[in-house]
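To start, the structure under review is shown below, and the notes come after it.
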Amino acid sequence: MMRLLLTPLEIGTCSLRNRFVMTAANLSWCTDGFVTDKFISFHQDRARGHVGLTIAGAAGIDPVRINRASMMEIYDDKFLPGLHRLTDAVHQENTKIFVQLMHPGAYARRREYGGEMAVAPSARISRFTGEEARELTIPEIQEIVGWYGDAAVRAKKAGFDGIEILAGAGYLIAEFLSPAANVRTDRYGGSLRNRAEFLLEILQEVRRRAGTDFPVSVRLAGADFIPGGNTAADTVEIARLASPLTDVFNITGGWHETQVPQITPNVPHGAYLYLAGAVKKAVDKPVIGCNRLDLRSAEAALADGLCDLAGICRGLIADPELVLKYEKDHADTVRPCISCNQECMDRIFSASELRCAINPELGRDHRSPELTVRGENILVIGAGISGLSYAGKAATENQVTVWEKSETYGGSGRLLAKVPGQGDVRQYLDYLWKTCLRSQVNFRFGKTATASQLCRLLRNHEFDRLVIAAGSSIRGIAYPHSRSAAVITANDCLAADALPFRNIAVLGAGFRAVQAALYLRSLDTPHADALRFLEEWAPDQLPDAEKLFDGKPRRITMIAAEKKPGGGFGKSIRWMVPEALAHADIRLEMSAEDIRIGKQQVEFFRGGEKHSIPADLVVLAGGWMPSRDLYYPCQKAFPGRVELIGDAVRPARIADAVCDVYMALTQTKNELP
């Protein structure tokens, strides 16, 4: 069967071997704007993995406002030798490479740009940075247009196969395009055609300086998703205007400051492909579709004619061999991105070096290091994320057995996968499981370990090494409470398929509390599929069905001492937590003091006033402690032969669990905090 993703495509004069595009991301791996060996290796690795086109960047074109936070630069010829090394490395792997040219506009933070004030089409305070930007004069605008032309010439000299103009996400060109940020009254403001003048002049300058045979991509926001911003229809018109000067359009979602989630886990795969589809209908140039694409949604997008190429960023960060595995019909071996944003977007927005929560080798000084643990017989306690990660990697050089007290794998990760919007975590667990099976890891489920038993096994040398990945648990109830109160932990909550309680209080405001509350709300709609079926096929039956299926939602209240919910989430997700809870009709009682669990109620004080919330069930989402009962006696008796990883070290994120495994197997031993 022909797979469209693997068919070649022409972008102007550039021939791609397939339809996969590694979209641009600021890796923060450059030194004073110069590309580093690590930066070059990143793009060469994706090229070696058979991606058709990789886009490096973003690269700064402004010699006045220079990013000092490890961003790639192209505003001067001094960067050409390093850029040549980059393009040569990618071309060695038969992959094409573009460079993305960018001006930050109002998104330039002073601390990252040497104290320089940001500039914009109109004076404004950026919702993204919270900082003021001044209005550009016409001579300054024309100067910036010239800088884009200079950068395009350098890109061609450096051996790039084309360039991409970043005209989306809320950066300078996007600000000119949008009526929400551009209130000018000269030729660069007012009508949509006038607002597009800046982009069109840049494209004309690039064509004049670099030639009409040098491919140009334009990355546009499919819609701004901000109040008063451009709609999808506006973007289509902008694309029509730019099409004569453009070889390919790269259509993404909205601006960084949008309050509509763009790449968070709750966004369905391919949710914004309709934006790419609208542009594709309007222009006769290839279109790249983006935002939350995986292999399945990318295949469907091309088959449905919504786009011509699949733009994937985080998926290729997680697994540089994604395309190669797809070519070999080994898609089930792809390490799937879980869209957590913990180590990629959160770090990028903090001007920190890019990492990946589930690909710990990314950004290290070496790739695929040799294991320091080799030729041993290893026993791993726990088949959660850390246990599976350790077992799968260790089994390439060792004999590994895993004991798990439950009847299946996944641990708390399996519970997290039940939370609405966290389906990618289940895919990641399945990937870890299949990796273990391919490496011939021996599993024993329903097997509970004791410290004396483990010590005996080590003493008799039945195992050379013991790895404790036993997770964490709540040790007691941290609040005064009535003995008659119904109290469970957040994990108990997530493990339940039904909870017959009408008034539920979740104590806590961190990520575990949020996940438990959202999961509880999802239990309110067990008959949603049945009702949708009847609505489609037998609408006359709906009234009777709705009477029988109690559609009255339960009351869920989060109670915590914190001022806001969402602690523990990274900044790229934390901002949307209050809104997500509001959409789910989950009540918030923040800044609560002296919380007490009574009989079918929770009491607390706020501002000296006593409050009482009905609660026939209380969910505890705080007070988690690492499970080290097995570790201490074994480590004391057999120092050097016992490891501790994952939540058993400290209850934390998936990224921390995966990093623990990497460090334990390749570099240093873990130490207790």
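Side chains are part of it too, since the values below use all heavy atoms of this structure and drop only hydrogens, waters and symmetry mates.
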Mind checking the [atom1]-[atom2] spacing from [X] to [Y]? Nearest 0.5 Å is all I need.
X: F249; Y: S243; atom1: CZ; atom2: OG; value: 4.5 Å
X: N359; Y: L316; atom1: CG; atom2: CG; value: 11.0 Å
X: L581; Y: I586; atom1: CG; atom2: CD1; value: 5.0 Å
X: L322; Y: F20; atom1: CG; atom2: CZ; value: 6.0 Å
X: L309; Y: N18; atom1: CG; atom2: CG; value: 9.0 Å

Next item on the list: Give a yes or no on whether the ring-centroid distance for F214 and F160 is below 6.0 angstrom.
Entry: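 Here the rings of F160 and F214 have centres that are no less than 6.0 Å from each other.
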
Checklist line | salt bridge (Lys or Arg N to Asp or Glu O under 4.0 Å) partners of residues 241-266, not counting sequence neighbours, each pair once | finding: R124-E257, R127-E257, R207-D247

Next item on the list: Please collect all salt bridge (Lys or Arg N to Asp or Glu O under 4.0 Å) contacts where either partner lies in residues 266-290, sequence neighbours excluded, each pair once.
Entry: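 Non-adjacent pairs meeting salt bridge (Lys or Arg N to Asp or Glu O under 4.0 Å): K280-D308.
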
Next item on the list: List the steps and the verdict of ring-ring contact (aromatic ring centres under 6.0 Å, His included) for W147 and Y75.
Entry: CA-CA 7 Å; W147 289 338; Y75 63 81; 9.2 Å; no

Assess whether a salt bridge exists between [X] and [Y], defined as any Lys/Arg side-chain N lying under 4.0 Å from an Asp/Glu carboxylate O.
X: R193; Y: E237; answer: no
X: D213; Y: K156; answer: yes
X: R154; Y: D76; answer: no
X: R314; Y: D294; answer: no
X: E201; Y: R208; answer: no

Next item on the list: Determine, stepwise, if the pair D32 / R68 fulfils salt bridge (Lys or Arg N to Asp or Glu O under 4.0 Å).
Entry: CA-CA 7 Å; D32 297 326; R68 313 288 179 180; over 6 Å; no

Closer than 3.5 angstrom, by distance alone: can the side chain of [X] be matched with the main-chain N or O of [Y] as a donor-acceptor pair?
X: S41; Y: D37; value: yes
X: D304; Y: L306; value: no
X: R46; Y: F42; value: yes

Under 3.5 Å, sequence neighbours excluded: what are the donor-acceptor pairs made by side chains of residues 108-115?
from: R110; atom 1: NH1; to: G115; atom 2: O; distance (Å): 3.0
from: Y113; atom 1: OH; to: N67; atom 2: ND2; distance (Å): 3.4

Item checked: Inter- and intrachain pairs under side chain to side chain donor-acceptor pair (under 3.5 Å), touching residues 159-174, at least two apart -> H91-D161, Q100-E164, E164-S217, E164-N250, Y171-H256

Next item on the list: Take M22 and I317, measure what side-chain contact (heavy atoms from CB on, under 4.5 Å) needs, and give me the verdict at the end.
Entry: CA-CA 9 Å; M22 169 75 209; I317 289 172; 4.2 Å; yes

Next item on the list: Go through the steps to decide whether R653 and E343 satisfy the test salt bridge (Lys or Arg N to Asp or Glu O under 4.0 Å), and finish with yes or no.
Entry: CA-CA 11 Å; R653 309 169 305 163; E343 296 291 279; 3.2 Å; yes

Going by atom type alone, with no hydrogens or angles, which donor-acceptor pairs under 3.5 Å involve a side-chain atom of residues 222-230 and a protein atom two or more places apart or on another chain?
from: D224; atom 1: OD1; to: W255; atom 2: NE1; distance (Å): 3.1
from: D224; atom 1: OD2; to: S178; atom 2: OG; distance (Å): 2.8
from: D224; atom 1: OD2; to: N230; atom 2: N; distance (Å): 2.7
from: N230; atom 1: OD1; to: R195; atom 2: NH2; distance (Å): 3.2
from: N230; atom 1: ND2; to: L177; atom 2: O; distance (Å): 3.0

Checklist line | Non-neighbouring partners of A580 that pass side-chain contact (heavy atoms from CB on, under 4.5 Å), sequence neighbours left out | finding: M576

Note to self: Contact between T95 and L53 at the side-chain level, heavy atoms closer than 4.5 Å - yes or no?
What the structure shows: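 No - every pair of side-chain heavy atoms lies 4.5 Å or more apart.
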
Note to self: Can you classify the ring geometry of F128 versus Y107 as parallel (below 30°), tilted (30 to 60°) or perpendicular (above 60°)?
What the structure shows: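 Correct class here is tilted.
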
Notebook entry, point to check: Would you call the rings of H43 and F39 parallel, tilted or perpendicular if under 30° counts as parallel and over 60° as perpendicular?
Noted result: tilted

Margin query: Name the residue from S28, S70, C344 that meets the side chain to side chain contact (heavy atoms under 4.5 Å, CB included) definition with L354.
Written below: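 Of all the options given, the one that passes is C344.
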
